[in-house]
Novice: 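Once you've had a glance at the structure underneath, I'll fire off some questions.
In listed order, ligands and their atoms are each counted from 1. All values reported here derive from a predicted model rather than from experimental measurement.
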Amino acid sequence: MNDTFLKACRGEKTDYTPIWMMRQAGRYLPEYQKVRGNVSFLELCKTPELCVEVTLQPVDLLDMDAAILFSDILIPIEAMGARLEFHEGQGPLLPDKIKTDAAIDRLIVPDPDATMPFVMETIRQLRRELKVPLIGFAGAPFTCATYIIEGGSSKTFWETKKLMYTQPEVFHHLMDKITRTILLYLEAQAKAGAQALQLFDTWAGILAPCDFERFALPYVREIIIGLRQTGLPIIYFANNGATLLDLSVSSGADVIGLDWRINIGEAVRRVGRKAVQGNLDPFALLLPKDELRQRIQGILDGAKEAFGHIFNLGHGIHQFTPPQQARIAVDAVHELSRRR
Ligand code: CP3
């Protein structure tokens with residue numbers, strides 16, 4: 001069993017810096033494309049045998065030090081009763097665009113084992129096969145809320161901010177329901193065998209710090225406090241979150257995920273006695289090998305005083321990244337961090 005990743009989360013000494021990549025299972029891998037060729041994305045998410053297969057692909061092919069459950073942050077949103085569709089070549093579509101008290105009342109706080117048994121079954125099967133730790137995950141409440149309100153991805157987040165600023169009590173009503181859903185969902189993942197839990201706050205960075213503090217952070221804290229009894233390390237990743245770093249640290253998470261827009265050395269100083277995860281620009285994987293290795297060396301050097309460091313990209317790997325470049329990065333992290 002390779003538990004380097006879990007040790008780094010807890011701030012224990014490791015022989016080398018562990019690495020995994022956000023969205024490491026996905027379209028950049030021809031092996032994933034092959035599985036996806038036969039099923040839709042949602043069917044894939046709901047078929048444990050296939051989820052297991054694609055979760056294992058990057059671990060086996062690229063030598064990652066952790067696996068991340070194959071699923072999507074929108075799966076529990078669908079379980080709440082919001083319609084969810086994926087159309088080829090487009091992002092997610094949630095056609096209900098829920099933003100009134102009446103519509104929020106119709107959403108349920110689902111029993112995760114009853115409504116998402118495929119997720120728990122995937123976790124149980126993976127634990128029998130994996131020799132590296134398994135990360136479970138969910139979207140953070142604010143990011144989930146943006147998809148529910150906007151009906152998909154957005155450029156301006158007009159509807160979300162309109163609801164926040166003009167009907168804050170309705171916004172909080174929605175956030176409260178999402179928060180209860182995500183807490184139960186992550187507790188169920190822990191019970192099924194997940195060994196660490198990551199909250200993805202992809203859209204936190206669109207908020208002013210004062211709004212993040214009022215509309216997003218209290219719900220993240222509530223989930224993290226609720227998850228304490230699982231004993232699992234909790235990773236909080238606020239994308240585009242450099243300006244929210246001090247607030248993110250106060251979330252209570254054990255590991256702070258960093259995007260690439262911040263110097264990791266500076267982040268380490270501000271984070272203090274918590275592990276950090278990050279933070280290579282995903283597009284830097286396109287650099288020629290020597291330059292990529294230099295970039296990686298720079299990040300390892302910047303994080304050398306960290307309480308713990310898990311190497312990762314600053315956001316998900318891009319779908320057109322050559323897998324060979326990801327492999328070069330993994331090998332470089334292992335080799336360069338061992339040398340010290
Ligand atoms: O990291 C992993 O390897 C595990 C699987 C995973 C997926 N989505 C699979 C996926 C994880 C952790 C996610 C999280 C997720 N989903 C986030 C947060 C992380 C981030 O990137 O900020 C968000 C915002 C979503 C919502 C979502 N799902 C979007 C916006 C899209 C479309 C964009 C895209 O990349 O195509 C998806 C679809 C999706 N989720 C795919 C995969 C592999 C592509 C689907 C396909 O095969 O066509």
Side-chain angles (χ1 to χ4, degrees), residues 19-47 50-62 64 66-78 82 84-94 118-119 122-123 126 130 132 134-148 150-155 157 160 182 185-186 189 194 196-206 235-241 257-260 277-278 282 312-321 323 326:
I19 173 169
W20 68 281
M21 293 182 189
M22 288 189 276
R23 304 286 293 266
Q24 65 188 17
R27 285 168 302 193
Y28 73 107
L29 289 176
E31 293 80 359
Y32 171 87
Q33 303 263 21
K34 195 159 171 242
V35 174
R36 255 293 263 123
N38 307 314
V39 289
S40 72
F41 176 63
L42 278 178
E43 278 175 273
L44 172 52
C45 287
K46 294 175 186 178
T47 312
L50 297 181
C51 287
V52 168
E53 187 179 342
V54 298
T55 301
L56 295 176
Q57 285 172 351
V59 178
D60 296 340
L61 295 163
L62 303 173
M64 300 291 181
I68 182 160
L69 163 71
F70 189 85
S71 187
D72 197 85
I73 61 163
L74 301 172
I75 292 291
I77 306 301
E78 188 185 41
L84 171 65
E85 299 164 13
F86 282 90
H87 299 281
E88 290 308 318
Q90 287 167 40
L93 182 70
L94 296 91
F118 44 87
V119 172
T122 300
I123 293 173
L126 277 168
L130 278 168
V132 296
L134 175 63
I135 305 167
F137 73 90
F142 178 73
T143 290
C144 292
T146 66
Y147 283 98
I148 294 174
E150 306 283 343
S153 299
S154 173
K155 283 207 172 74
F157 298 92
T160 304
I182 298 299
Y185 179 53
L186 288 175
Q189 290 188 27
L197 298 168
Q198 173 154 330
L199 279 169
F200 283 93
D201 221 345
T202 306
W203 299 116
I206 66 157
I235 309 166
Y236 177 59
F237 171 66
N239 184 37
N240 224 329
L258 303 169
D259 69 65
W260 69 92
Q277 175 174 281
N312 206 314
L313 305 177
H315 199 186
I317 188 166
H318 188 269
Q319 66 162 312
F320 298 125
T321 311

Novice: Report yes or no: does Asn239 have a heavy atom closer than 4.0 Å to ligand 1?
Specialist: no
Novice: Heavy-atom contact under 4.0 Å between Ala25 and ligand 1?
Specialist: yes
Novice: Quick one: does Trp203 get a heavy atom under 4.0 Å from ligand 1?
Specialist: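 Outside the 4.0 Å threshold, so no.
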Novice: So, does Phe86 sit close enough to ligand 1 that a heavy atom of it is under 4.0 Å from the ligand?
Specialist: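 Contact check Phe86 vs ligand 1: positive.
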Novice: Arg36 heavy atoms, cut-off 4.0 Å: which ligand 1 atoms fall inside?
Specialist: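 Taking each heavy atom of Arg36 in turn, ligand 1 has 46 (C), 47 (O), 48 (O) under 4.0 Å.
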Novice: Which residue owns the protein heavy atom closest to atom 19 (C) of ligand 1, what's the atom, and how far is it?
Specialist: Phe200 CD2, 3.4 Å
Novice: Does only the side chain of Gln319 get under 4.0 Å from ligand 1, or the backbone, or both, or neither? Count heavy atoms.
Specialist: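 Neither; no heavy atom under 4.0 Å.
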Novice: Among all protein heavy atoms in this structure, tell me which lies nearest to atom 6 (C) of ligand 1, with the distance rounded to 0.1 Å.
Specialist: Ser71 O, 3.4 Å
Novice: Would you say the side-chain atoms of Asp259 pair up with the backbone N or O of Asn239, donor to acceptor, closer than 3.5 Å?
Specialist: no
Novice: Can you tell me how far apart CG (Leu197) and CZ (Phe137) are? Round to the nearest 0.5 Å.
Specialist: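 Leu197 CG to Phe137 CZ: 11.0 Å, rounded to 0.5 Å.
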Novice: For ligand 1, find out whether one of its N or O atoms is nearer than 3.5 Å to an N or O atom of Ser153.
Specialist: no
Novice: I'd like the name of whichever of Ala67, Pro92, Ala138, Cys45 reaches closest to atom 30 (C) of ligand 1 through any heavy atom.
Specialist: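 The nearest heavy atom belongs to Pro92.
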Novice: Counting non-hydrogen protein atoms only, what is the nearest one to atom 18 (C) of ligand 1? Give residue, atom name and distance.
Specialist: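 Sorting protein heavy atoms by distance from atom 18 (C) of ligand 1 puts Thr202 OG1, 3.2 Å first.
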Novice: Give the ring-plane orientation class for Phe237 versus His315, where under 30° counts as parallel, over 60° as perpendicular and anything between as tilted.
Specialist: tilted
Novice: Check ligand 1 against Ile68 and write out every atom of the ligand that is under 4.0 Å from a heavy-atom position of the residue.
Specialist: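 What qualifies from ligand 1 is 1 (O), 2 (C), 3 (O), 4 (C).
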Novice: Taking only non-hydrogen atoms of His315, do any sit less than 4.0 angstrom from ligand 1?
Specialist: yes
Novice: Is ligand 1 less than 4.0 angstrom away from at least one heavy atom of Thr143?
Specialist: no
Novice: Return the residue, atom name and 0.1 Å-rounded distance of the protein heavy atom closest to atom 21 (O) of ligand 1.
Specialist: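 Result for atom 21 (O) of ligand 1: Arg23 NH1, 3.0 Å.
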Novice: If you have a sec, work out which protein heavy atom is nearest atom 45 (C) of ligand 1 and how many Å separate them, to one decimal?
Specialist: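 Residue, atom and distance for the closest contact: Phe41 CD1, 3.4 Å.
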Novice: Is any side-chain heavy atom of Tyr28 closer than 4.5 Å to a side-chain heavy atom of Pro58?
Specialist: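 Heavy-atom side-chain distance check passes, below 4.5 Å.
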Novice: Quick check against the 3.5 Å criterion: does Gln57 have a side-chain atom that pairs as donor or acceptor with the backbone of Ala25?
Specialist: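 A pair under 3.5 Å: no.
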Novice: Nearest protein heavy atom to atom 23 (C) of ligand 1, by residue and atom, and its distance?
Specialist: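 Of the protein heavy atoms, Ile73 CD1, 3.5 Å lies nearest.
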Novice: Does Glu88 reach ligand 1 with a nitrogen or oxygen that is under 3.5 Å from one of the ligand's nitrogen or oxygen atoms?
Specialist: no
Novice: So which of Ile235, Ile182, Ile73 actually passes side-chain contact (heavy atoms from CB on, under 4.5 Å) with Leu199?
Specialist: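 The residue from Ile235, Ile182, Ile73 that satisfies side-chain contact (heavy atoms from CB on, under 4.5 Å) with Leu199 turns out to be Ile182.
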Novice: If you measure from the Lys or Arg side-chain nitrogens to the Asp or Glu carboxylate oxygens, is any gap between Arg36 and Glu88 under 4.0 Å?
Specialist: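 Salt bridge: yes.
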Novice: For the 3.5 Å polar cut-off, considering only N or O atoms, please tell me whether Arg27 and ligand 1 meet it.
Specialist: yes
Novice: Counting only N and O atoms by type, is there a donor-acceptor contact under 3.5 Å from the side chain of Thr143 to the main-chain atoms of Trp203?
Specialist: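 Here the side-chain-to-backbone pair exists.
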Novice: Under the criterion side-chain contact (heavy atoms from CB on, under 4.5 Å), I'd like the reasoning laid out for Ile123 against Gln189: C-alpha separation, chi angles, the key distance, then a yes or no.
Specialist: CA-CA 7 Å; Ile123 293 173; Gln189 290 188 27; 3.7 Å; yes
Novice: Given 3.5 Å as the limit, does a donor-acceptor pair link the side chain of Gln24 with the main chain of Ala66, or not?
Specialist: yes
Novice: Working to the nearest 0.5 angstrom, can you tell me the gap between Ser40 OG and Lys46 NZ?
Specialist: 8.5 Å
Novice: For atom 47 (O) of ligand 1, what's the nearest protein heavy atom and its distance?
Specialist: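 Answer, as residue, atom name and distance: Tyr32 OH, 2.5 Å.
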Novice: Provide the number and element of each atom of ligand 1 under 4.0 Å from a heavy atom of Asp72.
Specialist: 7 (C), 8 (N), 10 (C), 16 (N), 25 (C), 26 (C), 27 (C), 28 (N), 37 (C), 38 (C), 39 (C), 40 (N)
Novice: Closest heavy-atom contact between Thr55 and Ile68?
Specialist: CG2-O, 3.3 Å
Novice: Of the protein's non-hydrogen atoms, which lies at the shortest distance from atom 24 (C) of ligand 1, and what is that distance?
Specialist: Tyr147 OH, 3.2 Å
Novice: Do Trp20 and Gln277 touch side chain to side chain, with heavy atoms closer than 4.5 Å?
Specialist: yes
